[in-house]
There are 4 protein chains.
Amino acid sequence: MKAADKHSKIIHAATKVFAKKGFFNARISDIAKEAKVADGTIYLYFNNKFDILISVFEEEIGSLVEQVTKSLSVEPDPRKKLEIFATRHLTMMKKNKNLAEVIQIELRQSAKLIKDYRNNKFSEYIDIISTIIKLGQEQHIYRADIKPGIAKRAFFGALDEISRIWSISLETEYSVDDTISQIMTIFLSGMLVTHTE
Amino acid sequence: MKAADKHSKIIHAATKVFAKKGFFNARISDIAKEAKVADGTIYLYFNNKFDILISVFEEEIGSLVEQVTKSLSVEPDPRKKLEIFATRHLTMMKKNKNLAEVIQIELRQSAKLIKDYRNNKFSEYIDIISTIIKLGQEQHIYRADIKPGIAKRAFFGALDEISRIWSISLETEYSVDDTISQIMTIFLSGMLVTHTE
Amino acid sequence: MKAADKHSKIIHAATKVFAKKGFFNARISDIAKEAKVADGTIYLYFNNKFDILISVFEEEIGSLVEQVTKSLSVEPDPRKKLEIFATRHLTMMKKNKNLAEVIQIELRQSAKLIKDYRNNKFSEYIDIISTIIKLGQEQHIYRADIKPGIAKRAFFGALDEISRIWSISLETEYSVDDTISQIMTIFLSGMLVTHTE
Amino acid sequence: MKAADKHSKIIHAATKVFAKKGFFNARISDIAKEAKVADGTIYLYFNNKFDILISVFEEEIGSLVEQVTKSLSVEPDPRKKLEIFATRHLTMMKKNKNLAEVIQIELRQSAKLIKDYRNNKFSEYIDIISTIIKLGQEQHIYRADIKPGIAKRAFFGALDEISRIWSISLETEYSVDDTISQIMTIFLSGMLVTHTE
DNA sequence: TATGAATGAGGTTTCATTCAT
DNA sequence: TATGAATGAAACCTCATTCAT
């Protein structure tokens with residue numbers, strides 16, 4: 001097995017374990033067992049436990065960015081692009097609960113633990129949203145007075161809070177489609193009744 | 001000093017320490033020192049470390065619910081009510097960074113750690129939003145097709161993600177007012193350019 | 001309530017609690033609760049936890065000595081005296097399981113913990129046996145080559161080990177009477193088949 | 001060093017420390033220091049402190065059973081067998097004071113602490129006595145009316161109480177030989193003067 | 001590279017004892 | 001005398017990390 005393979009095997013194992021137990025409750029030996037390597041082997045690929053967490057983000061979110069970017073590239077309409085982002089995000093979070101939990105919980109932990117960890121990949125991911133909004137503004141589809149820097153957080157926050165509930169409660173009140181539909185309505189048209197007739 | 005006072009003194013100390021270090025990195029002795037009591041004294045008021053965390057939520061969010069409810073009671077307009085909620089929430093999070101961090105980080109931790117902790121007070125808090133939306137729907141101000149159960153999460157998630165950034169980054173790109181204005185525009189009118197003229 | 005009463009109330013409570021939980025697992029607050037006094041009150045009557053244990057011995061065994069001595073005083077026959085001692089001891093241990101356990105377990109603990117605790121009352125109790133033996137030797141009923149100092153321990157040890165089993169196992173294979181009969185046979189006549197005919 | 005060696009090294013260290021301080025006063029770090037391993041190492045071999053105590057019994061008494069059984073195997077006479085048992089027991093207790101104390105004190109503690117610990121090895125040890133008695137009864141050497149189940153406890157209790165005194169008092173009033181002689185006289189022939197002439 | 005036994009620092013919790021009331 | 005809230009020392013146990021093989 002190549003080094004890169006083992007590295008990624010550990011990353012995946014760690015994602016699973018962090019998701020299940022949380023960063024602090026996860027033991028290195030749990031990750032080692034999940035990855036089927038010896039405890040000591042982990043330290044040949046990572047500096048310490050925290051380094052694993054950071055790597056999990058970088059790799060998992062990195063691949064998320066890749067997938068989403070690819071999906072978006074074939075769609076020119078900024079409205080549709082936003083919907084695609086939401087769909088891909090929620091679908092992924094529903095499918096990959098491990099990743100979902102790691103993002104929801106550990107993202108916050110880690111942001112706190114090391115101020116100098118810039119969440120590069122994560123920023124990149126969020127910035128996909130603002131890029132879409134800017135594009136829409138250039139095309140006069142999105143209101144010019146919307147600040148992409150705030151809107152991207154509002155949009156991501158909305159999606160994240162919804163998928164958070166999916167993670168902790170077994171029942172899923174609303175389907176992905178229902179949710180997308182609601183989110184798009186709210187973010188595109190707002191909640192007010194429109195009296196345009 | 002009365003028992004109730006000491007209880008609340010420990011709660012406030014714990015909020016501070018949890019915010020600064022996170023639940024897992026916080027030591028009981030940190031909380032004790034902050035509260036100016038002996039380590040053992042804490043166990044006269046709480047069963048264990050986790051019980052402190054739960055209590056912090058219940059009490060801090062409980063008082064948040066109280067304040068917000070009071071503010072809302074004097075305003076009949078559902079549009080304004082939503083704005084008041086956003087304003088009070090963001091203002092509080094900006095002012096009380098400890099509480100903000102505890103909500104953002106530990107809320108997620110605890111939800112994960114004990115599935116049977118129903119986050120009663122927190123649910124109550126979030127439900128203020130859905131109650132406002134329902135009221136607005138009855139008055140035909142908010143669209144009937146908006147599902148309050150989803151919208152409340154979207155709205156809270158948006159606010160929470162924004163205040164999360166405030167907590168971790170020292171620079172404050174946007175003021176509370178700016179942010180409120182953006183959030184209200186998005187949630188009430190949406191991001192699309194309206195061609196009603 | 002007089003001081004002496006409270007003192008003895010605590011002693012009895014302690015005997016109960018020590019028997020149930022053992023000295024180390026017993027908490028002062030357990031004893032206080034059992035005695036229906038405040039924790040601090042105990043320290044008005046005893047110097048520390050260990051002092052309570054010593055006092056329990058002195059008092060409980062003291063009263064045992066008194067009772068046994070009284071029973072023995074009316075019986076002149078050394079053979080019967082020994083039987084009375086065995087009967088009283090086993091009956092008491094069976095009736096007062098608390099005392100039994102305290103003797104069996106804590107006697108050994110305490111003897112170890114403080115070398116300078118001479119178990120005065122306990123020695124006095126054991127010496128009742130050697131006194132009986134000496135009396136019997138004077139009357140040429142007991143063999144002159146029996147050393148009372150060893151025989152007293154053998155006799156007490158035999159009784160104690162038997163009552164120990166009673167304490168830990170719920171089933172009581174043998175009755176007190178059966179046991180006495182066996183013990184007296186062994187100690188008086190030995191286990192060998194006698195070919196005197 | 002092999003794992004088995006380290007296991008046994010810890011057992012011996014624990015026996016020593018428990019004997020010296022008693023189970024409750026013994027600290028894990030005491031045992032670790034005595035065994036010249038790190039505190040944590042102990043938990044690679046034992047589940048918890050109590051598990052160490054149980055293991056000490058099983059191992060130490062197990063080897064006692066082995067030795068005694070071996071000594072007995074070459075002696076056919078039930079009278080001599082009993083004497084051999086007493087001699088080996090008392091000799092061992094005098095030589096290995098640590099083991100003696102652990103048996104005397106902790107045997108009682110542990111029997112109390114966990115009702116479901118059956119003291120397997122210890123029962124096996126005691127049952128050596130009843131087996132000898134039964135053998136003697138078959139050969140019409142020991143009285144048929146002696147109940148081996150009671151007699152075994154009486155015999156063991158007698159030996160144990162005597163060795164208990166050896167442990168706690170430095171002076172040794174009686175030698176092993178003296179004691180054996182007394183014990184055998186009592187248990188075989190009883191204390192009564194025999195008028196067979 | 002890989003292993004996994006060993007390390008030892010560190011934290012939660014308990015509880016005997018004190019002391020202000 | 002009596003109380004019981006407060007104290008704070010102490011110990012079991014965990015687990016990230018190391019290192020000899």
Side-chain angles (χ1 to χ4, degrees), chain A residues 1-3 6-7 10 23-33 35-52, chain B residues 1-3 5-7 10 24-33 35-52, chain C residues 1-3 6-7 10 23-33 35-52, chain D residues 1-3 5-7 10 24-33 35-52:
Chain A
M1 180 178 281
K2 284 181 198 157
K6 197 157 282 186
H7 183 96
I10 294 169
F23 177 73
F24 285 102
N25 287 321
R27 281 166 291 164
I28 291 292
S29 62
D30 292 333
I31 298 173
K33 189 183 289 178
K36 286 175 187 151
V37 298
D39 291 22
T41 304
I42 289 184
Y43 288 86
L44 297 175
Y45 295 89
F46 301 91
N47 295 321
N48 52 44
K49 192 181 173 187
F50 200 75
D51 189 31
I52 304 175
Chain B
M1 179 180 283
K2 284 179 200 159
D5 290 343
K6 198 154 284 186
H7 182 96
I10 294 170
F24 285 102
N25 287 320
R27 279 167 292 151
I28 291 293
S29 61
D30 293 331
I31 299 173
K33 192 182 287 178
K36 284 175 189 152
V37 298
D39 291 23
T41 303
I42 290 184
Y43 289 86
L44 296 175
Y45 296 89
F46 301 91
N47 295 322
N48 52 46
K49 193 182 172 187
F50 199 75
D51 189 32
I52 305 175
Chain C
M1 180 179 279
K2 283 181 199 159
K6 197 157 282 187
H7 183 95
I10 294 170
F23 177 72
F24 285 102
N25 288 320
R27 280 166 291 165
I28 291 291
S29 60
D30 292 333
I31 299 173
K33 191 183 287 180
K36 286 176 187 150
V37 299
D39 292 22
T41 304
I42 289 183
Y43 288 86
L44 296 174
Y45 296 88
F46 301 91
N47 295 322
N48 51 44
K49 193 182 172 187
F50 199 76
D51 189 31
I52 304 174
Chain D
M1 177 179 284
K2 284 180 200 157
D5 291 344
K6 198 155 284 184
H7 183 96
I10 294 169
F24 285 102
N25 287 321
R27 278 166 294 152
I28 291 294
S29 61
D30 293 332
I31 299 173
K33 192 181 288 177
K36 284 177 189 148
V37 297
D39 292 23
T41 303
I42 290 183
Y43 290 88
L44 296 176
Y45 296 89
F46 302 91
N47 295 322
N48 51 47
K49 192 182 172 187
F50 199 75
D51 189 32
I52 304 174

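Lettering of chains follows the sequences in order, A, B, ..., and the numbering in each one begins at 1. Only a predicted model underlies this, so the values are computations on that prediction, with no experimental measurement involved.
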Checklist entry - Under the side chain to side chain donor-acceptor pair (under 3.5 Å) test, which residues partner B/D39, sequence neighbours left out? => result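 Checked B/D39 against side chain to side chain donor-acceptor pair (under 3.5 Å); zero matches.
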
For [X] and [N], give me the distance from atom [atom1] to atom [atom2], rounded to whole Å.
X: B/I42; N: E/dG11; atom1: CD1; atom2: C1'; answer: 13 Å
X: D/K36; N: E/dG8; atom1: NZ; atom2: C1'; answer: 18 Å
X: B/I52; N: E/dG11; atom1: CD1; atom2: C1'; answer: 13 Å
X: C/I31; N: E/dC15; atom1: CD1; atom2: P; answer: 12 Å
X: A/K33; N: E/dG4; atom1: NZ; atom2: P; answer: 12 Å

Checklist entry - Would you say F/dA2 has OP1 or OP2 under 4.0 Å from some side-chain N or O of C/Y45? => result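 Indeed, a polar side-chain atom of C/Y45 lies that close.
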
Next on the checklist: So, OP1 or OP2 of F/dA6: does either fall under 4.0 Å of a side-chain N or O from B/K6?
Outcome noted: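 Checking F/dA6 against B/K6, a side-chain N or O does come within under 4.0 Å of OP1 or OP2.
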
Next on the checklist: Counting C-beta onward and ignoring hydrogens, is there a side-chain heavy-atom pair between B/D30 and B/K33 closer than 4.5 Å?
Outcome noted: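 No. Closest side-chain heavy atoms not under 4.5 Å.
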
Next on the checklist: Between A/Y45 and A/V37, is the side chain to side chain contact (heavy atoms under 4.5 Å, CB included) condition met? List the steps.
Outcome noted: CA-CA 12 Å; A/Y45 295 89; A/V37 298; over 6 Å; no

Item to check | Shortest non-hydrogen separation from A/F24 to A/K49 and the atoms involved | outcome: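 That closest heavy-atom pairing would be O-NZ, 3.6 Å.
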
Next on the checklist: Applying a 3.5 angstrom cut-off to the pairing atoms, does DNA chain F sit in any stems of at least three consecutive Watson-Crick or G-U pairs? List them by first number.
Outcome noted: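 So far as stems of 3 or more pairs are concerned, DNA chain F shows E:2-21 with F:2-21.
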
Item to check | side-chain contact (heavy atoms from CB on, under 4.5 Å) involving B/F46 - partner list, sequence neighbours excluded | outcome: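 Result, side-chain contact (heavy atoms from CB on, under 4.5 Å) vs B/F46: B/H7, B/I10, B/I11, B/I42, B/D51, B/I52, B/S55.
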
Item to check | side chain to side chain contact (heavy atoms under 4.5 Å, CB included) between C/F50 and C/F23, intermediate numbers included | outcome: CA-CA 9 Å; C/F50 199 76; C/F23 177 72; 3.6 Å; yes

Checklist entry - Which parts of nucleotides 13-21 of chain F does protein reach within less than 4.0 Å, heavy atoms only, written one letter per nucleotide 5' to 3' as B for base, S for sugar-phosphate only and - for none? => result BBSSBB---

Next on the checklist: If I pick the C1' atom on E/dT1 and the same atom on F/dT21, what distance separates them, to the nearest angstrom?
Outcome noted: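 It works out to 13 Å between them.
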
